[in-house]
There are 2 protein chains.
Amino acid sequence: MTSAEEPARPGERERVRDAARTRAEILDVATREFARAGYDGARVDEIAARTRTTKRMIYYYFGGKEQLFTAVLERAYGVIREAEQELDVDHLDPVAAIRRLAEVTFDHHEQHPDFIRLVSIENIHDAQHIAASGKLGRMGSPALDVIRRILSAGQNSGLFTADVDAVDLHAMISAFCFFRVSNRHTFGALFGRDLVDADRRERYRTMLGDMVIAYLTAERATD
Amino acid sequence: MTSAEEPARPGERERVRDAARTRAEILDVATREFARAGYDGARVDEIAARTRTTKRMIYYYFGGKEQLFTAVLERAYGVIREAEQELDVDHLDPVAAIRRLAEVTFDHHEQHPDFIRLVSIENIHDAQHIAASGKLGRMGSPALDVIRRILSAGQNSGLFTADVDAVDLHAMISAFCFFRVSNRHTFGALFGRDLVDADRRERYRTMLGDMVIAYLTAERATD
DNA sequence: TAGCTAACGTACTGGTTCGTACATTAGTGA
DNA sequence: TCACTAATGTACGAACCAGTACGTTAGCTA
């Protein structure tokens, strides 16, 4: 994730001017600042100050605050897509495969709270930056492809009884994983329970898998 | 919700100065403005402009932008608590009661998108306004009491096999309902499916109930 | 009806913040 | 090594915006 940290590959000595490094460093810092304070709460000056370069460079490379936020989103979604591409569950039976998928989704959400915050922020702004991006719209989702395969295998074999498609199942799984992180603070303040407490982690991880599998495999009235 | 609209009770003629009405009108407008633009994106001047009164009154009644947002949150949470108090499922069997509870939660989230946005915004700010409120922390939750009763009835009768408590079950139900509204825009932009589409409403409403009941009643390996 | 005060309006300020004009230098290819 | 340009830094401006000083009046009460 932090792509601008490493002090140049061994052999190459650190150049004073390095467009790629400067650009990546701005993205790293901007990700944290936007996630911390929201779009309007984030300060371009603050981002610049936490960088080895100046505000001028933000406008040089990205054009403005809006485009910087869009670039931050694009990279954040890129990271999750890469993680999803790692997913290999084709050797598992449908039930085990779905549980594995749920767990990977669960873990990724837990490991990237900044990503969750960025997505929440983008929703407050009606996904206007995604719409403006173009790049993000037609990025596809490896997770969705995986779900599609598992689902048809499970439905064909009669194991899965639920009448659900991949997109809706993805929404169901994401909802649980996302909410746990995104609403951690209000939920904790109102109900006195920290949903991201390390001691309860395994419990929630299991609960999600149980929930999805119970839903998919439940006995249903045949019509 | 809109408490400042009615032009005075019949008989009373409209007074020019009406503290309660002015205060309520500010809250109404502020709710919309904060929900629209986020805390930092919201403009005190804009709120004032959409009111029959002036910015001066916002500071007169609420003290400042932060306290105004806190007051907005307090009222929004008050509304949902009132709705939850209406809930009467004691005459239903545990399975029907849980489904009814899930449906009421579903409906309330759908009917109050502004509330969802306010909660999202408050989470971006680490629930600091709830923490500062005092009032909100010890407000309790009628829904939680209802869940507790249904859950123990279901568990005692052996109908519910899941080892889950009321708070976690509430989280599970809320996650689905909340995500559907809060992430509508990014989800729609990325996956091309509007989660709040009226045509799909019944489907999701049923899906939630099915999911929760399948989870609670699933056959489990006895240890 | 006189006087008191809660309720209200106007006009302004000081700090903040996005964005840019202008000047400068590191690295590179001829 | 020279010239050219991509990359960078400084300093500043103009608009915005939360908050306030100060003055006014509606409505209630004695």
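Letters A, B, ... mirror the listed sequences (proteins, then strands); counts begin at 1. Just so it is clear, the values below take in all heavy atoms, side chains as well, and ignore hydrogens, waters and symmetry mates.
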Exercise. Would you kindly give the CZ-to-C1' distance between A/R23 and D/dA7, to the nearest whole Å?
Key: 14 Å
Quiz item: Less than 6.0 Å separating the ring centroids of A/F176 and B/F176?
Solution: no
Practice problem: Would you please confirm or rule out a distance under 4.0 Å between OP1 or OP2 of D/dT8 and any side-chain N or O of A/T22? | Solution: yes
Practice problem: Measure from NZ on A/K65 to P on D/dC16 and round the result to the nearest Å. | Solution: 15 Å
Practice problem: Give me the one residue out of A/L136, A/I121, A/N123 that meets side chain to side chain contact (heavy atoms under 4.5 Å, CB included) with B/T186. | Solution: A/N123
Quiz item: Looking at residues at least two apart in the chain, or sitting in another chain, which of them share a salt bridge (charged side-chain N to carboxylate O under 4.0 Å, His left out) with B/D194?
Solution: B/R184
Self-check item: Those residues of residues 42-49 of chain A lying under 4.0 Å from DNA chain C by at least one heavy atom
Solution: A/A42, A/R43, A/V44, A/D45
Exercise. Verify, without hydrogens or angle tests, whether B/E103 (side chain) and B/G209 (backbone) share a donor-acceptor contact under 3.5 angstrom.
Key: no
Quiz item: Measuring from A/R17:CZ to A/T53:OG1, what's the distance to the nearest 0.5 Å?
Solution: 10.0 Å
Quiz item: Under a 4.0 Å heavy-atom cut-off, which of residues 53-62 of chain A touch DNA chain C?
Solution: A/K55, A/R56, A/Y59
Exercise. Check whether the ring centres of A/F106 and A/Y204 lie less than 6.0 Å apart, and answer yes or no.
Key: no
Exercise. Classify the angle between the aromatic ring planes of A/H129 and A/H125 as parallel (below 30°), tilted (30 to 60°) or perpendicular (above 60°).
Key: perpendicular
Quiz item: Atom CD of A/E66 to atom C1' of C/dT17: distance rounded to whole Å?
Solution: 15 Å
Quiz item: Are B/Y39 and B/F69 close enough that their ring centers fall under 6.0 Å?
Solution: yes
Exercise. Hey, which sits more toward the 5' end of DNA chain D by its nearest nucleotide, B/G64 or B/R17?
Key: B/G64
Quiz prompt | Between P of C/dT16 and CG of A/D40, the distance in whole Å | solution = 18 Å
